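Since we're looking at a predicted model, the values are computed, not measured.
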Amino acid sequence: MIELPDNPTIPYIVGDGIGRDITPVGLRVIDAAIEKAYGGRRKINWKKLLAGEEAIEEVGDVLPEETIEEIKRYKVAIKGPLTTPVGGGYRSVNVAIRQILDLYVCFRPVRYFKGVPSPLKRPELLDIIVFRENTEDVYAGIEWPFKAEEAKKIREFLEREFNIKIREDSGIGIKPISVFGSKRMGRAAIEYALRHGRRSVTIMHKGNIMKYTEGLFRDAIYELAKEEYSKKVITEEDLLREYGGKVPEGKIVLKDRIADAMFQQILLRPDEYDIIVTPNLNGDYISDACAAQVGGLGMAPGANINFETGVAVFEATHGSAPKYAGKNMANPCSFILSGAEMLEYIGWKEAKELIIEGIQRTIEEKVVTYDLARQIEGAKEVSTSDFGERVIEHIRSM
């Protein structure tokens, strides 16, 4: 959480593709919730920044330096989806923003809204937050195509020095995971759990195979818990051996699960998990898989946060869906819910709760965008903007 004045300036980035549809709607919903909660005492002054395709068109740079500097200046920002190219072209703007600002936590809460279609019998049992490491792992961007001279040198070095033979047509990527990066992730997850009364933190890793990267991630967080949180955090072993399986008041349980088993666990025993902390690639997978259980990425908020500097960029978690751009049909809930998380982050929780309730009432009356309407019997399909207006109507009626 960070404290801002009652009339802060908060930058926003429209985003690519459907960003032009969902972002304006999302900003209107956020403004309506603030007005209702505080009666004019608080208000956000929105400041538009450029990134992605719009930035290329206007200034010839996919991520202008001014955009980064303004986010640093104002601390908190929100953005629509930005296109991530596959294969050639520029690297992901999303990843660049995270790395330049050292937004080491990808914060992905997943919860169920009654009435949303789900493949699960009891999707309401899933109520978790994924803390995904954002700056290391294979997302560090240290890689070369198989024809590159650098890849050739690395293959030759490995064969010459360690007798490790790699096929000549192999691209090369490097997966760095540090003790420093792992411990600060563990600290962020544990601190959040303690502040918000959560029950447990689960380390998701593939340390049984990648012992010196993902295994390091696991071991570093256990070490951190022992060094800094010994009076507040207990392990599963402690829980069974010393407390008879019952968690003492004021303590949280730290546990770990192998990544592939974790996917099974969130399907079969979702209520046993609370906060999941994970390296970058695993976090990408598990956060999307969890979102699929509660309606898909259209219902999933997200943020990229540095809990030490306080800088945070909240974002719609789905892609830019260019084929739907400008058609006013996309689901704006991911952006709106990310805005709700942003409000809690700056201490405006009353406004967040209004947004949550406004969305819940709108979905329960079956007024939804096309992605949900096609799955809900008797639903009324509405546009992006009409959905937002209906949420606003509910907020104002509370």
(message) If the threshold is 4.0 Å, N to carboxylate O, is there a salt bridge linking Arg396 and Glu35?
(response) no
(message) Taking side-chain contact (heavy atoms from CB on, under 4.5 Å) as the criterion, tell me which of Thr202, Ile275, Asp274, Ile276 meets it with Ile128.
(response) Ile276
(request) Check whether the side chains of Ser178 and Glu136 place a donor and an acceptor atom closer than 3.5 Å, and report yes or no. (result) yes
(message) Taking the basic N atoms (NZ, or NE/NH1/NH2) and the acidic carboxylate oxygens, is any pair closer than 4.0 Å for Glu357 and Arg361?
(response) yes
(message) Taking Asp288 first and then Arg108, would you say they form a salt bridge - that is, a charged N and a carboxylate O separated by under 4.0 Å?
(response) yes
(message) Using a 6.0 Å cut-off, check whether atom NZ of Lys232 has over 12 heavy atoms from anything other than its own residue.
(response) no
(request) Give a yes/no verdict on a cation-pi contact between Arg111 and Phe113, requiring under 6.0 Å between NZ or CZ and the six-membered ring centre and an angle within 45° of the axis. (result) yes
(message) Testing the 3.5 Å rule here: is there a donor-acceptor pair between the side chains of Asn328 and Ser385?
(response) yes
(message) Under 3.5 Å, is there a donor on one side chain and an acceptor on the other for Thr362 and Glu364?
(response) no
(request) Run the salt-bridge test on Glu150 and Lys153 with the 4.0 Å N-O cut-off and return the result as yes or no. (result) no
(message) Using every non-hydrogen atom in the two residues, find where Ile376 and Gly115 come nearest and quote the distance to one decimal.
(response) CD1-O, 3.6 Å
(message) Counting C-beta onward and ignoring hydrogens, is there a side-chain heavy-atom pair between Asp137 and Pro279 closer than 4.5 Å?
(response) yes
(message) Between Tyr370 and Asn331, do the side chains contain a donor N or O and an acceptor N or O under 3.5 Å apart?
(response) no
(request) Consider only side-chain N and O atoms of Glu214 and Asn208, and report whether a donor and an acceptor are under 3.5 Å apart. (result) no
(request) Taking the side chain as every heavy atom from C-beta outward, state whether Pro176 and Ile142 have any pair of such atoms under 4.5 Å apart. (result) yes
(message) Any non-hydrogen side-chain atom of Tyr243 less than 4.5 Å from a side-chain atom of Val253?
(response) no
(request) State, without any angle test, whether Tyr112 and Gln293 hold a side-chain donor-acceptor pair at a distance under 3.5 Å. (result) no
(message) Any side-chain to backbone donor/acceptor pair from Asp16 onto Thr83? Under 3.5 Å, distance only.
(response) yes
(request) Would you check if there is a donor-acceptor pair between the side chains of Gln360 and His394 at a distance under 3.5 Å? (result) no
(message) Please tell me whether Gln265 and Tyr273 have a donor and an acceptor in their side chains that are separated by less than 3.5 angstrom.
(response) yes
(message) I'd like to know if Asp260 pairs up with Lys206 as an ion pair, taking the criterion as any Lys NZ or Arg NE/NH1/NH2 lying under 4.0 Å from an Asp or Glu carboxylate oxygen.
(response) yes
(request) Flag the pair Glu228 and Lys183 as a salt bridge only when some basic side-chain nitrogen lies within less than 4.0 angstrom of an acidic carboxylate oxygen. (result) no
(request) Return the minimal non-hydrogen interatomic distance between Ile355 and Ala33, and the atom names on each side. (result) CG1-CB, 3.5 Å
(request) Just say parallel, tilted or perpendicular for the rings of Phe131 and Phe107, cut-offs at 30° and 60°. (result) perpendicular
(message) Is the distance between the ring centroids of Phe307 and Tyr192 under 6.0 Å?
(response) no
(request) Salt-bridge test for Arg155 and Glu168: reply yes if a basic N is under 4.0 Å from a carboxylate O, no otherwise. (result) no
(message) I want to check something: taking the side chain as every heavy atom from C-beta on, are Glu236 and Lys255 in contact at a cut-off of under 4.5 Å?
(response) yes
(message) Less than 4.5 Å apart, side chain to side chain, heavy atoms only: is that true for Ile252 and Val201?
(response) yes
(message) Quick test of your reading of the model: are Glu54 and Lys48 salt-bridged, counting only N-O distances below 4.0 Å?
(response) yes
(message) Looking at Tyr38, I'd like to know if the NZ or CZ of Arg42 sits under 6.0 Å from its six-membered ring centre while staying within 45 degrees of the ring's axis.
(response) yes
(message) Can you tell me if Arg167 has over 12 outside heavy atoms packed within less than 6.0 Å of its CZ?
(response) no
(request) Check each of Asp256, Asp219, Thr213, Thr278 against His205 using the side chain to side chain donor-acceptor pair (under 3.5 Å) test, and report the only one that passes. (result) Asp256
(request) Using the side chain to side chain donor-acceptor pair (under 3.5 Å) rule, pick out the option among Arg98, Lys79, Arg132 that qualifies with Asn304. (result) Arg98
(message) Which heavy atom of Asn306 sits nearest to which heavy atom of Leu101, and what is that distance?
(response) ND2-O, 4.2 Å
